[in-house]
Amino acid sequence: MWAIIKKEVKSYFLSPIGYVFIGLFLAMCSVFFYLDVVYYGSLQFENMFYSASTILTFIVPILTMRMFAEERKVGTEQLLYTSPISVTKIVLGKFIAALIVIIITEICTLFYLGILYCFGTPHIQTILVTLLGFFMLSMAYISFGMFASSITENQIIAGVITIGFFIISWFLPNFSEILAPLSLINMFNKFPSGLIAIEEIATYITFTLFFVILTIIVLQRRKSVK
Amino acid sequence: MIELKNVTKKYGNFLAVDDISFNIEEGEIVGLLGPNGAGKSTTMNMITGFIEPTNGEIIIGGYDVLKNPIKAKKQIGYMPEGVPLYNDLTVKEFVRYMADLKMVSKQEKKQRIKEVLEKTNLTEVQNKLIKNLSRGYKQRVSLAGALVSNPKILILDEPTVGLDPKQITEIRELIKSLGKEHTVILSSHILSEVSQICKKVIIINKGKIVAIDTPQNLENKTNKGSIIKLIIEDETNQIEKIAKTITGIKQINFIKDNEDGTKEYTIITEEKTDIRKELFAKCAKEQMTIFELKKSEATLEDAFMKLIGNQEEEVDN
């Protein structure tokens, strides 16, 4: 599994994908950093993440859409699935590699925190909780993106399915009060207020597990159907 | 080493591979031969564990591919059809990744990669990106990836497709030399290739095994008599008359009129009779100039066409 993680992370940064993902995210963060933090003369770094979390809707597919779709299209999946590694490990390897990119991105955002430290002392615990929440949200998003990539050999379709799903999930509360708790992005909003919300974390983890397992099942099943 | 028992693969209602069984012993070089769409790749994909058979059992070196996939797959090096590669890696990175996937131990890894790059003549381009390589090189990169774990079994799906003649000869030589250390299965629709490289041929058509034998045996079985090719100046069709006076001729077939006024025939004679001397003398007597007179052996191609033809007749009946 380690081999796959290593190769996937490397691939993210050998191709423009890793840079585009982190670059776009940081560019948008800079805007939000100004609008949500600097503009109010505030030290609340976490405020930036309310807006930044919406960006994930559009950039997570950059990370996930090629995961399995491209391997399938180019045929390299034959190399992968004929090697002595189980499908579960292949899926986890790719999933973890994408999470590593998220962690790298979060580390990059600490740059803004550094700026705030020049002017005062931000509340570090709240920031850590926010980063944890952001990681959880990204994890859930990536698991869905990965699943979308496993069901098609067309990267674009995988990407569109992913964005479509995220947008629907985003606006669920507008349709009905009952569906509101299902909105992944709304769940995130508790974290920047410094709350470790067990209910939300449990939902994120369940959601992630569901789609990781679904991806494994899809790929496993294709062996006998293909 | 490799054992297939009643293996069947269905895609919906389409039978891609229909109840095939065969055994491959250690150290054999076996050719899987068949027209396009015969089920060669499907068979190989099932042996390598890429797809699962609908029915039947596949045993690789004592391990069932379905029940014990990790151990079975460890023994196989696979070069898939169309040589899929990771284009954004360099040659060395790719081979290293394949070594990691195949769980080559850390101590051996460096040495294996070096050896394999040398064996496939890739040392010079090892730091180039795969996407910048020509087809011939890519083929070798794929082969290097299959070889890096020093597998007991090598499975090569159409290893020479898309190469120029020089590269084809190189790859064939390489495969031959690999046959000394590995059990090799290769698929091809090029007959001469198979008869050159392989000691055993499995002919597949429409998902069924038509024949398993050595190339020589297949050639011998196909044609009991011998064939003579004749190009002669024969405006008045005298050859038939001459043929009647020679004993041992079974059949004479007119093939075509050439532009220079000569005619081409094939003459099928009884086994172990050589009528060329007599034919030459009689034609000379009639003042017919012989342009070409050649004894041709039945080739694997004939065997193949005949076997596949037979199968089709059976289906029609």
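Excluded from the calculations below are hydrogen atoms, water molecules and symmetry mates; all remaining heavy atoms, backbone and side chain alike, are included. Lettering follows sequence order; numbering is per chain, from 1.
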Any donor-acceptor N or O pair under 3.5 Å, side chains B/Tyr86, A/Glu70: no

Looking at [X] and [Y], what are the two nearest heavy atoms and their distance?
X	Y	value
A/Lys223	B/Gly49	CE-O, 3.7 Å
A/Pro84	B/Met103	O-CE, 3.1 Å
A/Ser15	B/Asp88	CB-OD2, 4.2 Å
B/Phe50	A/Glu77	CZ-OE2, 3.5 Å

Engaged part of B/Leu101 at the chain A interface, taking heavy atoms whose separation is under 4.5 Å: both

Proximity breakdown for B/Pro69 and chain A, heavy-atom pairs closer than 4.5 Å: neither

Tell me whether the count of non-hydrogen atoms from other residues, nucleotides or ligands lying under 6.0 Å of [atom1] in [X] goes above 12.
X	atom1	result
B/Lys71	NZ	no
A/Phe111	CZ	no
B/Glu26	CD	no
A/Tyr34	OH	no
B/Lys200	NZ	yes
B/Phe22	CZ	yes

Chain B contact via A/Ile4 - which portion, at a heavy-atom distance below 4.5 Å: both

Salt-bridge present (A/Lys10, B/Glu93; N to O < 4.0 Å): yes

Could you give the distance from [atom1] ([X]) to [atom2] ([Y]), rounded to the nearest 0.5 Å?
X	Y	atom1	atom2	answer
B/Met98	A/Leu79	CE	CG	4.5 Å
B/Asn87	A/Leu14	CG	CG	12.5 Å
A/Arg222	B/Glu52	CZ	CD	13.0 Å
B/Asp100	A/Ser83	CG	OG	10.5 Å

Sequence-distant partners of A/Lys89, side chain to side chain contact (heavy atoms under 4.5 Å, CB included), two or more places apart: A/Met1, A/Ile85, A/Ser86

Within residues 39-48 of chain B, residues adjacent to chain A where the heavy-atom gap is under 4.5 Å: B/Asn45, B/Thr48

